[in-house]
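For ligands, and for the atoms within them, numbers begin at 1 and follow the listed sequence.
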Amino acid sequence: MTSPPTSTPQQSFLHRHLGPSAVEQQQMLRTLNLTSMEELLEETIPASIRLPQDHVVRSLPPNTDEQQALAELKALMGRNRTSRSLIGLGYFGAVMPAVVRRHVLENPAWLTAYTPYQAEIAQGRLEALLNFQTLICELTGLPVANASLLDEATAAAEAMGLSFAVCKRPRARRFLVDRNVYPQTMGVLQTRAEPLGIRLEVNAPSAFVFDEEVFGVLLQLPDGQGRLRDPTELISAAHACGALVTVAVDPLAQVLMAPVATFGADVAVGSAQRLGLPLGYGGPHAAFFATREHHKRQVPGRIVGLSVDAEGRSALRLALQTREQHIRRDKATSNICTAQVLLAVLVSFYAVYHGPAGLEAMARRVRRLTQAMAIALAQVGLPPALKPGFDTIVVETPAAANILERCRTAGFSLRVTEDGKGLGLSLDERSTVEELEQLLALMAPGRVHPPMAELLEASRGELPVPERHEPWLQQEPFHKYRSETALLRYIRTLAAKDFSLIHGMIPLGSCTMKLNAAAELLPLSWSSVAELHPFAPVEDAQGYRVMIRQLQASLAELTGFDGVSLQPNAGSQGELAGLLVIRAWQASRGQAHRRVCLIPTSAHGTNPASAVMAGLHVVPVACDPQGNTDLKDLQQKAAAHSDKLAALMVTYPSTHGVFEVAIREICTIVHDHGGQVYLDGANLNAQLELCRPGDYGADLCHLNLHKSFCIPHGGGGPGVGPIAVAAHLVPFLPGHPLLACGGEQAIGPVSAAPFGSASILTISWMYLRMMGATGLRQASAMAILNANYIAHRLEEFYPVLFRGEKGRVAHECILDLRPLRSEAGVDVEDVAKRLMDYGFHAPTVSWPVAGTMMVEPTESEHKAELDRFCDAMVAVRQEVAAIASGAMDRHNNPLKRAPHTITALTADSWDRPYSRQQGGLPGNQDPAEKLWPAVARIDNARGDRTLVCTCPSVENYAERSTV
Ligand SMILES: *Cc1c(COP(=O)(O)O)cnc(C)c1O
């Protein structure tokens, strides 16, 4: 490869990633009364933990430009052998419609949105997610579905958790699992059952023994061998002893099969991957979870629900436990924060694209091809070992190894059964008569069989279980957008309702909504990245393996640790994995009795929820009035629980946005009492190449690649939450039943795929390659400068709640809005909604302190945007002052009535005591540039009283149009 000419500053990626120019940096430093960036860093980061400035990262080459980085990654991923995969086991070939790929997957409007907490400017993806929920409810026949879990295996574990939580019999600890569920699901169930004291019993369903102690059952349809059996009797038997039954279903089989609810299932889970999502060497994919009305409050993750807005329209927002999750902390139903929103959105459009008729035709075709193939195989001397249920055929033959190799050479990946004697192949949407002919010739060379086309003609495609007979998926969105023109416009209409980084900054504290550069995202569309099965033979995944090793090495070095697991699919999953690693290490030293987890009260809600899932008892630690961990309280609690102390979970810099000076001391206290220090690394963006958790005393941390390392938020997922651990913990990093990974004494898997959402790791790889260590250092410094600039500009209007010893904040700051309440009756919520009128997405609201806003500008926002935001915040403060002084009405004012819709502003009548312009176009905005909220303020309480989480049916539409 010839090296490109040395890049100019204009071409250098670093200069594009950083918002402020050199001149702007100087201006901002001057505003802060500083002469250099170095001076700022000295005032911000305790000297006791600073890395030397000449620190080198051996695992990161010097930064390079976009073209060079892309060329390198292309060459690397070219070492993958992407064959046509028929491996199955929960991952199937699928085709993403081009219109969906181009306008959703590759569209920053969808990619760069945040989790839809500010629902008035998120109606587009909320509608797409409602479509997803509707699809799942219609498929399974269950009335309540959430908008996605992380993968099928964790969804099954969540179902086990729900069944356990709702069971009222204290001695019921047995969970019965069909021994033919996918191995990765079994693995994750085992990981998750043990800490909760659940006894997992794996058996053939015919051998299940039901009694009082059984609280739940998991079946799979079709099972891991491809069998499809009517579960009605088994489910009745389980219900007779009071157990809940979860069925893992294949969404395409479920199109033809009677909905599992009609067989009696209480919970249905599964992966929606085959509904149009690329394999991506394991993910990301959206999993689904549906259940009965009765359990709606225990559903993990997020449910989108219907409510109304202040002007009487229907409007969508996140329902029920979404809001409760952070408040309930250790009583949360799950630790899920980031879900798979983007993937669920893609699946929803896939369903809209095909409609029920298209999905039925596809599923029937897969079924008929499978039947035809089974007959043909029998005729060439390879009779299927079992009657194929839907799409999977298993044959037993002494020639298995030879056949596998022949197919491999010709570009097909088949699966070897666990006993090594059989071959499995799963057909899918991409299967054709020609492909099957080719396979037959490879599997039984020279043997004759009737032409596949004839066999296909003869097969009726019936299922061995009761089929679906009722019409389904009759809701409008699945019928209305059949032509590409119509669908394109539908996608655009939804996207146009949502605020994302294409509109302006999303200053979300703790969520690091930085640039997701186009060059970082391009590789996702390469077939060498998209088309590899997670259980492909290691020699087929050489490119991925090297990329993963490089990323692991860099992340280990950047955090100051020795080993990394990329398996967890979100920060929350990293927390769980990390705590389980700690417990495994302690158990290996005869200290399994250490079960107390200290967590500061300021911690993110996932921390206590994860601790509980890891089987730990949460003991809160207080914060002092300056927002720092209360050392006295920590000392006292650590001492009180000394013999039982497992760990402290601490966020650094703290969730209060401060580099606590005492961090080393905190770690020492915990170590002195035999505990491990778990560092929540969500705030890594403040410290990369400035200080390292491994150096200042932590034993392990998780990272959020979807925050600090540029994976786009996707409107609420996907995420990657790797853990980095010190040497003594490396042997315990999570493993996987189907592929060697993790440590020598690995804990079980925490995700279905060995490397989690492997395909999006390319984004972080690109980021690191284009930034290099120097670039990362500049990015951290810039993030700190931007945050301090905002803190400085706004402090006279809103008190900055917490600062470090020398008066500086880290990469975010907390603004205190509580005084507005007594002064003018204005709540932080009113300000969040009012910011929409000014063309902004609100910062993090009421976390970690109620009544405050946490602002994190990131390094990617330039000075003009920071100023625009500050100007808006100042203008809002003046509006509050006007209310306080009586110049504006206390109830009927632009804050209380925000956000303002175009409908309200352009209505013939206007009866508010302020002008239309003041309401809808405050602060000299250009109306053509503004994102107009699609709905007015949404009534949350009303939506929770009656949960509606599916699209209105056609009949409902008809009813409504007559009233
Ligand atoms: C985002 C965040 C988490 C959770 O990460 P997810 O990827 O959403 O699961 C945990 N702790 C803190 C401080 C965070 O900001």
Side-chain angles (χ1 to χ4, degrees), residues 114-117 148-151 154 158 283-284 300-302 318 322 325-326 329 332 334-342 506-514 566-579 599-611 613 623 627 629 648-658 660 678-687 693 698 700-723 750-751 756-757 760 764 783 810-812 814 843-849 854-856 858:
Y114 181 62
T115 305
Y117 290 132
S148 87
L149 290 181
L150 299 169
D151 59 30
T154 49
E158 293 294 340
R302 307 209 159 103
L318 295 175
T322 312
Q325 215 55 250
H326 271 75
R329 296 169 63 86
S334 74
N335 65 344
I336 294 159
C337 173
T338 288
Q340 300 278 23
V341 168
L342 181 70
I506 303 185
L508 273 153
S510 212
C511 287
T512 315
M513 298 292 290
K514 58 162 76 173
L566 294 166
Q567 198 181 83
N569 277 326
S572 63
Q573 305 301 297
E575 292 170 18
L576 175 64
L579 294 173
I599 302 183
T601 49
S602 60
H604 193 272
T606 51
N607 290 188
S610 297
M613 284 168 67
C623 291
T629 308
L648 163 80
M649 294 183 91
V650 60
T651 308
Y652 200 76
S654 74
T655 51
H656 291 149
V658 173
E660 291 184 44
Y678 181 98
L679 190 122
D680 180 330
N683 289 344
L684 217 66
N685 211 47
Q687 58 186 310
L700 73 170
C701 70
H702 79 255
L703 295 71
N704 302 62
L705 299 192
H706 48 298
K707 294 180 181 173
S708 334
F709 293 88
C710 297
I711 291 175
H713 228 74
V720 178
I723 47 172
V750 294
S751 300
S757 295
I760 52 177
S764 298
H811 63 314
E812 59 194 5
I814 298 181
T844 299
V845 173
S846 280
W847 185 81
V849 182
M854 179 156 62
V855 187
E856 179 181 359
T858 84

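Every residue two or more places apart in sequence or in another chain that forms a side-chain contact (heavy atoms from CB on, under 4.5 Å) with Ser708 is listed here: Leu684, Asn685.
Near ligand 1, Cys337, Thr338, Ser510, Ala570, Gly571, Ser572, Glu575, His604, Thr606, Asp680, Ala682, Asn704, His706, Lys707 each place a heavy atom less than 4.0 angstrom from the ligand.
Ala686 and Ala810 get closest at one heavy-atom pair: CB-CB, 4.5 Å.
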Review point. Between Ser610 and Leu579, does a side chain to side chain contact (heavy atoms under 4.5 Å, CB included) hold up when you go through it step by step?
Key: CA-CA 8 Å; Ser610 297; Leu579 294 173; 4.3 Å; yes

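There is no side-chain donor-acceptor pair under 3.5 Å between Asn335 and Thr606.
In this structure a side-chain-to-backbone donor-acceptor pair under 3.5 Å is present from Asp151 to Thr154.
Relative orientation of the His706 and His713 rings is tilted, given thresholds of 30° and 60° on the angle between their planes.
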